[in-house]
Amino acid sequence: MVKMFLNNIVFAITANMEGWELFQNSLLPMIQGAIKYTIPLTLVSFTVGICLALLTAIMRLSKSKILTAPARVYVSAIRGTPLLVQLFIVFFGLGSIGLTIDPFPSAVIAFSLNVGAYGSEIIRASISSIPKGQWEAAQTIGMNYGQALRRIILPQAARVSIPPLSNTFISLVKDTSLASLILVAELFRKAQEIAARTYEFMLLYVEAAILYWIVCFALSIVQDQIENRLDRYVAR
Amino acid sequence: MFLSVKGLSKSFGDLNVLKNIDIAIDEGNIITIIGPSGSGKTTLLRCLNGLEIPDQGRLVFHDGFEVEFGQTLKKKQLMELSRKSGMVFQSYNLFPHKSALQNVTEGPLFVQKRNKLEVLQLAESILKKVGLADKKDLYPHQLSGGQQQRVGIARALAIEPELMLFDEPTSALDPELVGDVLKVMKDLAKEGWTMVIVTHELRFAEEVADTIIFMDQGQIVEQGPPSQVLRNPTQERTSQFIQRVMNPS
Ligand SMILES: Nc1ncnc2c1ncn2[C@@H]1O[C@H](COP(=O)(O)OP(=O)(O)O)[C@@H](O)[C@H]1O
Ligand SMILES: [Mg+2]
């Protein structure tokens, strides 16, 4: 199905041989951009972001104001400002006041902060959704807060948070295209460069779109499989 | 005396849920607590293992361990208090992501850090005792309510507590499954366990209890051996309650 659909699009925009050749020739640099930048950027940012999210979620669930207040401000600030603006602050903003960070690490910082904020809300909600009786049962077999969280609550919360976190991950893959604007040579930046040279905007941007689509489609299959695995202990 | 409960009081906001509760529990005693819904039975039980912190009162254990409420408690003290007793919940509260066996081994293995082989042997023998040796690899959702509750009992036994607490362990069960759970509790009684049991099963209470406590509105209205509390209650409120439970209509 999908393959047929893709073929149709390819035919539509490569009706002439020249177009088809350009499509093929630009495929390699774009895939290189994806492998060298888009995918590492996504993986590193997501990993760092999830750690940040977990920390923020635990801070927000604590009873101490000293912990909840900074977590609240952080989440609110990130959610209340555009990702592109955050990216520009980290790269151009900090750069202009003498704190120059390279494009790739700048992007990692901005995207990690972003995943950290959105992810923390997901993780917090999923921890809160676990019945109080689970905490209490853990306490009665002698667990302290940390042990209960790690061994009893988080494994159950993980099951609840995997679908929304997968969505965050897939969004992140697409959002990394914004890094093209701070000169990271990722997939979309490559498309822009070739398009600027050849004026074949339609062809190259659709080609870029198809590549993103393929990656996200593959990820959604992985997501389904993880969910099925985790369904093991849930009544059906 | 195994445990003496002195002057326990607890409020939730304006609501006085426990008012100056005194109980004496001897080693090997079975205490059952009866009383209308909302009278504070669950809260009392939870105060005994620190799931709820009373506003006032004192718990003194046979070994000299003592907790005085109404002042700041050390974490260590609370840990030791919860270590003293095993708790069985009305709604089981099994860990759904762990098998029956893993539910039972979790405490001794990961909290008490005991030897793995030893814990496995212990867990299998406890599961056998509650009649679930063949169900050890099943997950909670694959078990009936009665089986889940027996895993709950096994999980509590596995930390090798000195005292077992039961909060209406059969209230959530279909009638035909109640018997299996009560049978396990009777076996524990025969083994000499010290137990505090909140229940509406008056016949069961009569059979196993050394002392029955009737609670109403946060107070102990009457306590004594079953023959007295159930057969010849001295208080009007007690006899009314027993009438209602015996002949529901
Ligand atoms: N955590 C709580 N917060 C506020 N009120 C509570 C809480 N737990 C229990 N209560 C109230 O305390 C009273 C006694 O409850 P409980 O001990 O559960 O009684 P019982 O087990 O005898 O039915 C009830 O009125 C109940 O609503
Ligand atoms: Mg109750």
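Quick note on labels: first sequence line is chain A, next is B, and so on, each numbered from 1.
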Undergrad: Does this structure show an ion pair linking Arg124(A) with Glu121(A), if we count only N-O contacts that are shorter than 4.0 Å?
TA: yes

Undergrad: Can you name the closest pair of heavy atoms from Ser99(B) and Tyr139(B) and give their distance?
TA: N-CE2, 3.6 Å

Undergrad: Looking only at heavy atoms, what is the nearest atom pair of Val184(A) and Ala107(A), with distance?
TA: CG2-CB, 4.3 Å

Undergrad: Answer yes or no: is there a side-chain heavy-atom contact under 4.5 Å between Leu211(A) and Leu27(A)?
TA: yes

Undergrad: Just do the side-chain hydrogen bond (donor to acceptor under 3.5 Å, both in side chains) check on Asn16(B) and Ser11(B) with the steps written out, would you?
TA: CA-CA 4 Å; Asn16(B) 248 330; Ser11(B) 303; 2.8 Å; yes

Undergrad: Does the ring of Phe110(B) carry Arg151(A) above it, NZ/CZ under 6.0 angstrom from centre and within 45° of its axis?
TA: yes

Undergrad: How would you list, in number order, the residues of residues 143-173 of chain B that have a heavy atom less than 4.5 Å from chain A?
TA: Arg155(B), Ile159(B)

Undergrad: Which atom pair, heavy atoms only, marks the closest approach of Ala191(A) to Ala208(A)?
TA: CB-CB, 4.0 Å

Undergrad: What closest approach, in Å, do Ile123(A) and Ala57(A) show between heavy atoms, and which atom pair accounts for it?
TA: CG2-CB, 3.8 Å

Undergrad: Ala110(A) and Leu87(A): which non-hydrogen atoms are nearest, and at how many Å?
TA: CB-CD1, 3.4 Å

Undergrad: Determine which residues belonging to residues 37-53 of chain B lie within contact range of chain A, meaning some heavy atom pair is under 4.5 Å apart, and list them by number or answer 'none'.
TA: Arg46(B), Asn49(B), Gly50(B), Leu51(B)

Undergrad: Please answer whether the main-chain N or O of Val73(A) pairs with a side-chain N or O of Ser76(A) as donor and acceptor at a distance below 3.5 Å.
TA: no

Undergrad: Where do Leu219(A) and Gln223(A) land on the side-chain contact (heavy atoms from CB on, under 4.5 Å) test, with the steps shown first?
TA: CA-CA 6 Å; Leu219(A) 285 172; Gln223(A) 175 185 356; over 6 Å; no

Undergrad: For a side-chain contact (heavy atoms from CB on, under 4.5 Å) check, start with the C-alpha distance between Leu3(B) and Phe61(B), then their side-chain angles and the critical distance, and finish with the verdict.
TA: CA-CA 5 Å; Leu3(B) 167 63; Phe61(B) 285 84; 3.8 Å; yes

Undergrad: Do any of residues 134-148 of chain A come closer than 4.5 Å to chain B, heavy atom to heavy atom, and if so which ones, in number order?
TA: Gln134(A), Glu136(A), Ala137(A), Ala138(A), Gln139(A), Thr140(A), Ile141(A), Gly142(A), Met143(A), Asn144(A), Gln147(A)

Undergrad: With a strict 4.5 Å heavy-atom criterion, list every residue of residues 84-94 of chain B that contacts chain A, or say none.
TA: Ser85(B), Met87(B), Phe89(B), Asn93(B), Leu94(B)

Undergrad: Considering the options Leu83(A), Val48(A), Val44(A), which one meets the side chain to side chain contact (heavy atoms under 4.5 Å, CB included) requirement together with Phe111(A)?
TA: Leu83(A)

Undergrad: Would you say Ile66(A) has more than 12 foreign heavy atoms packed within less than 6.0 Å of its CD1?
TA: no

Undergrad: Nearest 0.5 Å, please: how far is OG1 in Thr105(B) from CD in Gln112(B)?
TA: 11.5 Å

Undergrad: If you compare all heavy atoms of Ser177(A) against all heavy atoms of Phe188(A), which two are closest, and at what distance to 0.1 Å?
TA: CB-CB, 3.9 Å

